[in-house]
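To find a chain, count down the sequence lines: A is the first, B the second, and so on, and within it residues start at 1. Everything quoted here is computed from the prediction, not taken from an experiment.
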Amino acid sequence: MSTVPTQSASNLPKAYDPSAVEARRYAFWEDIGVFHADPDPTRPPFVISMPPPNITGRLHIGHGSTFTPMDLLTRFYRMRGHNAVWIPGQDHAAIATEMVVLRELAREGLSRESLGRERYLERVWSWREEYGGIIDQQFRKLGFGPDWQRERFTMDEGLSAAVIKVFVELYRAGLMYRGTRLVNWDVVSQSTLSDAEVEDEIRAGFLWHLRYISEDGSFAIEVATTRPETMLGDTAVAVHPDDERYRHLVGRFVILPLVGRRIPIVADEAVEREFGTGAVKVTPAHDQTDNEIGLRHNLPMLSVIGFDGRMTDEVPEPYRGLERFAARDAVVRDLEVAGALVRTEPHTLRVPLSSRSGTIVEPLLSLQWFCKMKLLAASALQAFRDGRVRFVPERFGRTFEQWLENIRDWNVSRQIWWGHQLPVWYTPDDQPIVAETEEEALRLAREQHGTTELRRDPDTLDTWFSSGLWPFSILGWPAQTPELEHWYPNQVMITGRDIIPLWVVRMVILGMKFTGEVPFHDVLITPLVFDAQGRKMSKSLGNSIDPLDLIAKYGADATRFGIMRQMRLESQELRFDERFCDEARRFNTKIWNALRYAHSLSEGLPRDGKLPARKTFSLADRWIFARLHQTTARVTEAYEHYEFGVAADVLLDFIWYTFCDWYIETTKIATPTRAAVLSFVLNTAMRLLHPISPFVTEEVWQALPKIGETIVTAPWPSLDEIPLDPQAVLDFDALISVIERIRRYRADRGLTPHYKVEILAPAALQTDIEMTTLLTSLGHVTIKFLTNPIANESGEVAGRTALLQTLSIYEDPELLRKRLAELDDEIARLERKFANPNFAAKAAPEVVSKEREKLVSFEDERTRVRATMKVQEDATEK
RNA sequence: GGGCGCGUAGCUCAGGGGGAGAGCGCCACAUUGACACUGUGGAGGUCAUAGGUUCGAUACCUAUCGUGCCCACCA
């Protein structure tokens, strides 16, 4: 057999150093363009659209848990021969980016307005040039291999054109309208927010009870509020129509304190009778529920808080211009003075916060653009119910469904400049013209309104509007490209559950509307990452872990492996425990040392990595192949079902505790096949592990007999080429359990591993040279063959495994007695089971026979233990 | 108010209707030959509690307790 003489163990570094290997290997992959793919209709597609990270983004642990599976699956399917590609990109992150740039400008004493739109946008673009690519570099450090040549940006020309086209088409379909509605206003970023961008936080606050007196002074009604400053904008008091306490007051009027306005008492079902006093002040311009009540009762809507967060001119003079929280203090103080404040009690309440700026969101009335969602949602809902889009784990489908069922119109306009400007122009009398280009708008204006005097809407679209098109816009839509043809829909979308309403819902809706298809078949929801105490990782808590720190400590592979190891789909949280990364780092070292061992063999490794004829295999060879076969099957299945934690578990167990601890030990006695088997098993195991740990597997694979340039494109191991011999598994496993008994025997008696234990074996084993050799070398024993083998209770002695099981050794009499007692208990338990007539009658036949086998094997062991005890007694007597 | 996850060894977690598992930590032993980034052995658990289903429950069902998350217009 030809060998590879060049790479001896001494040529390999003694230790595996991830930091050196990873940078070099990543550069190698990029150089040979291994992540790039073109559509190939002859092969099945496998495509993942990378959820575009914000250009302001930095790597965080969440990327580890959601992006590693994308890289893993792309690598897995590529090896399986799919036309696999992972398409990366970035999101312009309108509000987040604008906030960062505006802060920068403020430090220079500049503002958006002082620069003007054009120069401002240039500024943002250059900011993007400078900082936008950081996360791409960080992704490379984690070993992520998307097709960088296909990287897209939501503000690209192509993607922007798609956005404009979609807006215009929705408008022409009557699904986009302009209207004055209550919106979520962020006073810091000076823009609206969609419902999904508002996060509630439970905070301690107060409930102020106010007394409004009737216009004739005949009665007073008490209302409760958590936001007293809004009382300046009250235009009614509402009670429940069935509330006996107030029914007679409905239709009467009270006088609003501090303001003096005369407001009606109305009856509305939205009022909870049990809460507070059962009467609620109604501020239709600053509260969602109140707004709905206002619409139902035709109440005036007074905007008392402005876009700047200050009180407007609609309020009495003393409060005008006051900042909203200062106004609250002033109003409370004045109500108290006026005797309208009944009492103040502590109260915990939900405060709506902007997920962008963190400030308290102000609901207020504003003229905005909205997308009608009901009709669009219906087809998405239908697609889900037809099973065209499937959630993993399944239960997240309900979140999706629930959101679609209760969907409200989507406020798509934002008062910021960085983003896709609305393709909307207005005539001098404020008639909107929606068109894809300015020329078209001018033409339409001339034709329909007889004017060419147009002013463009300065607003931009919600960031999620462009990301909602992502899975098809990055493939070239609206053009019918080969990419769109073969790679759409994607196979799987992977994201966290917090993004379902923000993004998944919109992708499905817009995908259905504009491509007629779901954008992806599976939605994999990965667990959120928590710390060991079960707290959500966040910057403010200071408990977040920077993946770059983990990479520095353990290497990228170990970071990935550690995270994947802890991922269990059914759980919705992943309590991150760094010990798994440390274990993974030691695992990589173990693998590296196994490689060094293979290279240390005097005969060298076979050049081609081909296996010798099966009949030349040793028992250990056949055993490790069978184990490898099982491992390959389980790992493949685990990846297919997104069970990454299971795959990692199985691989660690096989490579470390099966291959290294047992198989390699058997090869320390030279066999003709060992070099070929070692390199074949290592090569195969590296391919199985590669999707999780790309770097170390490449490095090891390159040092083995192999075919091909890189493990990235190596074929996925095929079960057909790995022999499966079930008898070898039984025989070798029996050997293992004997050796473990021998080790325990020594440890129990405080003997050193050098101590040669004499064991008794049936004479029939004497001719089984292979087994006795393994036994003496691994177990470090001498064997005394008995001429009269110990049979089981029915007198049977048969087969190799059975022979091994009849081995007995001199054991500590006390331990033997203990074991005998245990066996008596087990046997008694099983006998009781069999004594129960219901067991035989009702239990499944295979269960009964399994239990029977168990009973027999316990009885056999008891026979052996008793025989050993007898041998001891005889020896003592002599 | 609805919906959902999780309570198994000191810690982080697998498992799963029929003999309680892993890693880390702990204890003991070993050590030049791939590997101290190691190997071997051990101690440690009424599988949250109470009922029910079943021949049999740690596992399935119900309730309770604890804990965490999501949704919702109790101001």
Side-chain angles (χ1 to χ4, degrees), chain A residues 9 12 14-16 200 207-208 223-227 230 238 270-283 287-293 347 349-350 393 395-396 398-399 402-403 406 497-498 500-501 527-528 530 532 534-536 565-566 568 570-580 582-583 585-601 645-646 649 652-653 657 660-661 664-665 667-668 739-740 743-748 750-754 822 825-826 829-830 832-833 836-844 847-848 850-851 854-855 857-858:
Chain A
L12 294 170
K14 198 158 162 42
Y16 179 72
D200 287 348
L207 195 58
W208 286 272
V223 295
T225 181
T226 56
R227 304 190 56 204
T230 63
V271 179
E272 290 286 334
R273 276 172 281 183
E274 288 71 32
F275 187 87
T277 60
V280 58
K281 58 188 272 312
V282 181
T283 320
D287 181 274
Q288 186 63 45
T289 312
D290 292 6
N291 185 256
E292 286 161 20
I293 295 175
H347 182 69
L349 68 156
R350 285 191 326 278
R395 61 190 144 85
F396 290 111
R398 281 193 286 278
T399 306
Q402 216 172 34
W403 195 271
N406 302 316
R497 65 172 182 275
D498 47 331
I500 294 174
L528 296 180
F530 294 78
R535 297 172 307 178
K536 211 166 178 171
R565 187 95 199 288
Q566 296 175 77
R568 302 289 155 173
E570 283 309 314
S571 180
Q572 61 186 10
E573 63 178 56
L574 188 164
R575 286 200 187 188
F576 183 75
D577 187 338
E578 219 175 299
R579 288 176 297 181
F580 285 95
D582 187 59
E583 180 190 43
R585 179 186 55 83
R586 289 182 296 114
F587 179 43
N588 291 339
T589 304
K590 193 78 183 172
I591 294 170
W592 185 250
N593 283 315
L595 173 73
R596 290 178 62 224
Y597 171 75
H599 276 278
S600 74
L601 298 181
V646 172
D649 272 349
L652 182 101
D653 188 71
Y657 300 109
C660 291
D661 282 357
I664 287 186
E665 289 309 311
T667 65
K668 291 190 173 165
I739 287 170
E740 283 173 346
R743 286 173 181 163
R744 224 174 294 132
Y745 167 75
R746 279 201 200 88
D748 286 343
L751 301 170
T752 77
H754 301 296
E822 279 170 16
D825 284 352
E826 293 291 351
R829 188 179 57 80
L830 286 166
R832 242 178 288 130
K833 192 174 275 190
N836 181 349
N838 286 325
F839 177 63
K842 298 191 178 175
V847 169
V848 175
K850 223 177 105 191
E851 293 299 291
K854 234 183 330 194
L855 180 58
S857 102
F858 282 137

What integer distance in Å separates A/R568:CZ from B/G23:C1'? 12 Å
Is there a side-chain contact (heavy atoms from CB on, under 4.5 Å) between A/W403 and A/I500 once you walk through the steps? CA-CA 9 Å; A/W403 195 271; A/I500 294 174; 5.9 Å; no
I'd like to know whether A/T230 forms a side-chain contact (heavy atoms from CB on, under 4.5 Å) with A/D287, so could you lay out the CA-CA distance, the side-chain angles of the two residues, the decisive distance to 0.1 Å, and finally the verdict. CA-CA 9 Å; A/T230 63; A/D287 181 274; over 6 Å; no
At under 4.0 Å between heavy atoms, what does A/R829 touch on the DNA or RNA strands: base, sugar-phosphate, or nothing? sugar-phosphate
Nearest-Å distance for atom pair CG/P, residues A/N838 and B/U54: 11 Å
Counting only side-chain N and O atoms of A/R744, is one of them less than 4.0 Å from OP1 or OP2 of B/G42? yes
Expressed as a whole number of angstroms, how long is the span from A/E570:CD to B/G7:P? 12 Å
In whole Å, what is the span from the CG atom of A/N406 to the C1' atom of B/G3? 12 Å
Using a heavy-atom cut-off of 4.0 Å across all strands, would you classify A/T399 as base, sugar-phosphate, or nothing? nothing
Does B/A30 have OP1 or OP2 sitting under 4.0 Å from an N or O in the side chain of A/R746? no
Sugar-phosphate only, base, or nothing, as touched by A/F396 at under 4.0 Å among non-hydrogen atoms: nothing
Smallest separation among heavy atoms of A/R746 and A/T752, with atom names: CD-O, 3.2 Å
For the side chain of A/K14 and the base of B/A34, is some donor closer than 3.5 Å to an acceptor across the two? no
Should the pair A/K668 and A/Y597 be classed as cation-pi, given the thresholds of under 6.0 Å to the six-membered ring centre and 45° from the axis? yes
Should the pair A/R829-A/D825 be classified as a salt bridge under the 4.0 Å nitrogen-to-oxygen rule? no
The Watson-Crick or G-U wobble partner of B/A72, with both key distances under 3.5 Å, is none
Rounded to the Å, how far apart are A/Q566 CD and B/C24 P? 14 Å
So what's B/G18 paired with, Watson-Crick or G-U wobble, going by both distances under 3.5 Å? B/C55
RNA chain B: 5'-proximal contact among A/R350 and A/A15 (nearest heavy atom): A/A15
Value in whole Å for how far the C1' atom of B/C71 lies from CD of A/Q288: 15 Å
Side-chain N or O of A/R395 less than 4.0 angstrom from OP1 or OP2 on B/G3? no
Considering only heavy atoms from C-beta outward, does the side chain of A/F275 approach that of A/V280 to under 4.5 Å? no
Could you tell me the separation between the CD atom of A/Q402 and the P atom of B/A72, rounded to a whole number of Å? 8 Å
Searching all strands shown, indicate the nucleotide that pairs with B/G33 (Watson-Crick or G-U wobble; both distances under 3.5 Å). none
When all nucleic acid strands are considered with a 4.0 Å heavy-atom cut-off, which category describes A/L207: base, sugar-phosphate, or nothing? nothing
Residue matched to B/U40 through Watson-Crick or wobble contacts both under 3.5 angstrom: B/A28
Both A/E826 and A/K590 contact RNA chain B. Which one's nearest nucleotide lies toward the 5' end? A/E826
Nucleotide forming a Watson-Crick or wobble pair with B/G66, both distances under 3.5 Å: B/C6
Counting any heavy atom closer than 4.0 Å, what does A/K850 reach on the DNA or RNA strands: base, sugar-phosphate only, or nothing? nothing
Which part of the nucleic acid, if any, lies within contact of A/V271, taking any heavy atom under 4.0 Å across all strands shown: a base, the sugar-phosphate backbone alone, or nothing? base
Any idea which heavy atoms bring A/E665 and A/D661 closest together, and the distance? CG-O, 3.2 Å
Atom CD of A/E583 and atom C1' of B/A22: how far apart are they, to the nearest Å? 8 Å
Base, sugar-phosphate or nothing for A/E665? Non-hydrogen atoms, less than 4.0 Å. base
Go through the N and O atoms of the side chain of A/R579 and the base of B/C11, and report whether any donor-acceptor pair is under 3.5 Å. yes
